[in-house]
Amino acid sequence: MIRFKIAVCGRKGGVGKTTTSTMLASYLASIGMPVLVIDLDPQSNAGFALGVDPLQPGTAELILRQFPTPIKACENLYVLPGGGALQDRKVEQADSSELAFAIENLKEFEAIIFDCPPGNDLLERQAIIAADIALVCTDAHPLGILGAERVIEEIRYRQDQKQDGPQYYALVITKVNKSRVLDKDLPKELAKNHPDVPQFSIGQNTDISWAAATATPFMQSTPNSKAVADIDALAKWIARDTVLKDTVLSELANG
Amino acid sequence: MAKRDTSNLLDRTTKAGAKLSAKDRQVDSRRAEERGELNTASLNSIRNRNVDTRPLTMTHVWTLVESIAVLGLIEPLVVDQDKVLLAGGHRLEAIKRLREEHKYAKAYAEHFPDDQVPVRIMPFVAAAEPERALQVEVAENEQRRDYTPAEVRRLAERLMDAGFERLSGGRPKNNQKFLIPILSSVVGKNRRTIQRYLDNIDNKGANIDIDTYLKKAKKSLETWQEKAPNGHGSGQLRQRLPEILELLKLAISDGDT
């Protein structure tokens with residue numbers, strides 16, 4: 001049964017969407033939850049970062065109802081790669097709720113994480129409509145924040161219109177290095193603008209880049225990294241304060 | 001170097017963000033208009049309204065099942081941006097029954113490959129604009145497309161090829177399928193109109209219409225003659241009116257014979 005459908009989005013490129021997706025996926029898998037990462041990025045980075053063949057049939061085929069097989073990255077962690085096929089006209093013209101319907105057949109997973117592409121709002125929307133939780137990523141830079149604001153506006157608009165989309169969303173500030181003035185102050189400013197939106201931060205950490213560089217899921221690569229605490233906080237919010245509002249994760253962690 | 005003040009750094013970002021979002025909305029609604037023309041949607045994705053404004057008549061549904069099996073869906077369903085059904089409840093139900101019935105499996109696969117159903121997608125969300133949704137529903141149910149006699153005859157031919165028979169009255173025997181009732185529900189015209197279209201007697205109908213115009217003209221002129229005060233209108237017309245009325249009377253009695 002799918003418990004969590006999480007869209008990791010942000011519109012701007014390079015703000016840590018794929019990193020957040022793959023880290024969270026690896027973390028959830030490591031505590032015993034079957035996770036599927038659905039990569040909506042034509043650059044197909046998520047599959048690469050998790051060590052699977054990024055050229056295999058994946059999300060485009062899923063949207064076109066060709067039933068691709070999720071590829072195993074490690075215990076409990078599976079991927080449907082992105083790739084150039086996502087830019088095909090057929091995918092572009094597909095109804096914006098195709099993905100939401102397609103994942104109903106993937107009941108063997110408890111969490112589905114959509115890694116949204118930069119720039120392309122049509123593919124991002126497939127994920128937004130399918131998700132019940134959104135993690136809006138930005139780095140501590142006005143251009144990243146500009147992209148995040150647009151996604152938040154889209155999510156709120158859908159909520160106002162009573163359309164399908166995430167009921168819960170949080171801001172995730174990535175690559176944070178508190179020795180830099182923008183990293184120290186902009187998250188506070190952002191919190192002032194969005195007092196009702198939970199905010200998380202993932203610190204800049206070489207362990208994170210190392211995992212991607214060696215194409216290894218994060219928890220397999222450096223399970224004792226300081227960065228685990230950042231992703232743990234995010235996972236706890238998802239478990240306790242969103243759709244289920246219970247402590248399923250800590251149960252899993254303890255069991 | 002002076003200390004950098006970050007306190008208002010996000011103001012510009014927020015303002016630019018709001019403008020970009022407004023632009024996003026515009027692009028969205030343009031896309032919605034564009035794709036609204038005609039489209040298909042997966043049968044499973046079409047959702048029923050929360051409140052059913054009109055209860056379904058099952059006999060009507062089954063009539064539609066038979067016609068859709070032969071003709072496919074002639075009038076697309078009307079849905080909103082979230083694929084919530086705005087109009088076509090009977091048609092949607094009929095398509096679902098068609099899918100379930102084993103004997104229609106081939107017809108279903110032929111008319112709705114990959115479960116794709118013709119839809120017209122309206123550029124709004126019913127949950128957000130319930131009045132607009134109701135307007136669409138009413139408009140759709142009141143004003144169906146007016147099928148020409150030739151179109152009706154073409155549909156009839158296809159139905160007859162599929163084994164529907166044109167029988168006048170009487171109970172259908174086993175396996176007999178009546179043409180007129182099914183056509184009537186497909187095109188939304190009454191059975192006598194359909195009969196007339198199929199008999200190709202619409203020219204006769206045209207004669208009757210023309211006579212009606214003459215009768216109307218005669219009556220209006222008589223009323224004018226009675227009511228218009230002297231000096232109003234052309235004196236010449238008033239003088240020659242009895243003659244004109246006589247001509248009209250003659251023309252009308254000619255048409256009667």
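In what follows, every chain begins at residue 1, and chains take the letters A, B, ... in the order their sequences are listed.
One finds the CD atom of A:Glu189 at 10.0 Å from the OG1 atom of B:Thr13 (value rounded to the nearest 0.5 Å). Distance check: B:Thr14 OG1 to A:Leu190 CG gives 8.0 Å after rounding to the nearest 0.5 Å. Taking OG of A:Ser97 as the start and CD of B:Gln81 as the end, the distance is 10.5 Å to the nearest 0.5 Å. Here B:Leu10 contributes atom CG and A:Ile145 contributes atom CD1; the two are 4.5 Å apart, rounded to the nearest 0.5 Å. Atoms CG and NZ, from A:Leu146 and B:Lys15 in turn, are 13.5 Å apart once rounded to the nearest 0.5 Å. A:Asp95 contributes atom CG, which lies 8.5 Å from atom OG of B:Ser42 (distance to the nearest 0.5 angstrom).
Residue B:Ala41: no heavy atom, backbone or side chain, is found under 4.5 Å from chain A. In this structure, chain A has a heavy atom under 4.5 Å from the side chain of B:Arg25, while its backbone stays farther away. Proximity to chain B (any heavy atom under 4.5 Å) is shown, for A:Leu186, by both the backbone and the side chain.
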Open item on the list: Test side chain to side chain contact (heavy atoms under 4.5 Å, CB included) on A:Glu104 and B:Asn44; report intermediate values, then the result.
Closed with: CA-CA 12 Å; A:Glu104 283 175 9; B:Asn44 295 324; over 6 Å; no

Task: Residues A:Arg158, B:Asp82; criterion side chain to side chain contact (heavy atoms under 4.5 Å, CB included); working and verdict - done: CA-CA 11 Å; A:Arg158 297 191 70 84; B:Asp82 288 345; 4.2 Å; yes

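Counting non-hydrogen atoms of neighbouring residues, nucleotides and ligands closer than 6.0 angstrom, the CZ atom of B:Arg12 reaches no more than 12 such neighbours. Shown here is A:Lys188, whose NZ atom has more than 12 heavy atoms of other residues, nucleotides or ligands within 6.0 Å. More than 12 non-hydrogen atoms from other residues, nucleotides or ligands lie less than 6.0 angstrom from CG of B:Asp161.
Sorted by first and then second residue, the side-chain hydrogen bond (donor to acceptor under 3.5 Å, both in side chains) pairs involving residues 122-133 of chain A (not counting sequence neighbours) are A:Arg11-A:Glu124, A:Arg125-A:Glu154, A:Arg125-B:Asp28.
Taking 4.0 Å as the cut-off between side-chain N and carboxylate O, A:Arg150 and B:Asp24 count as a salt-bridged pair.
For chain B, the option among A:Leu143, A:Ile129, A:Asp121 with the highest count of heavy-atom pairs below 4.5 Å is A:Asp121. Between chain B and the options A:Leu182, A:Val181, A:Asp164, heavy-atom pairs under 4.5 Å are most frequent for A:Asp164. No other option in A:Lys184, A:Lys192, A:Glu149, A:Gln163 has as many heavy-atom pairs under 4.5 Å with chain B as A:Gln163.
A pairwise comparison of heavy atoms in B:Val125 and A:Gln161 identifies CG1-O, 3.5 Å as the closest pair.
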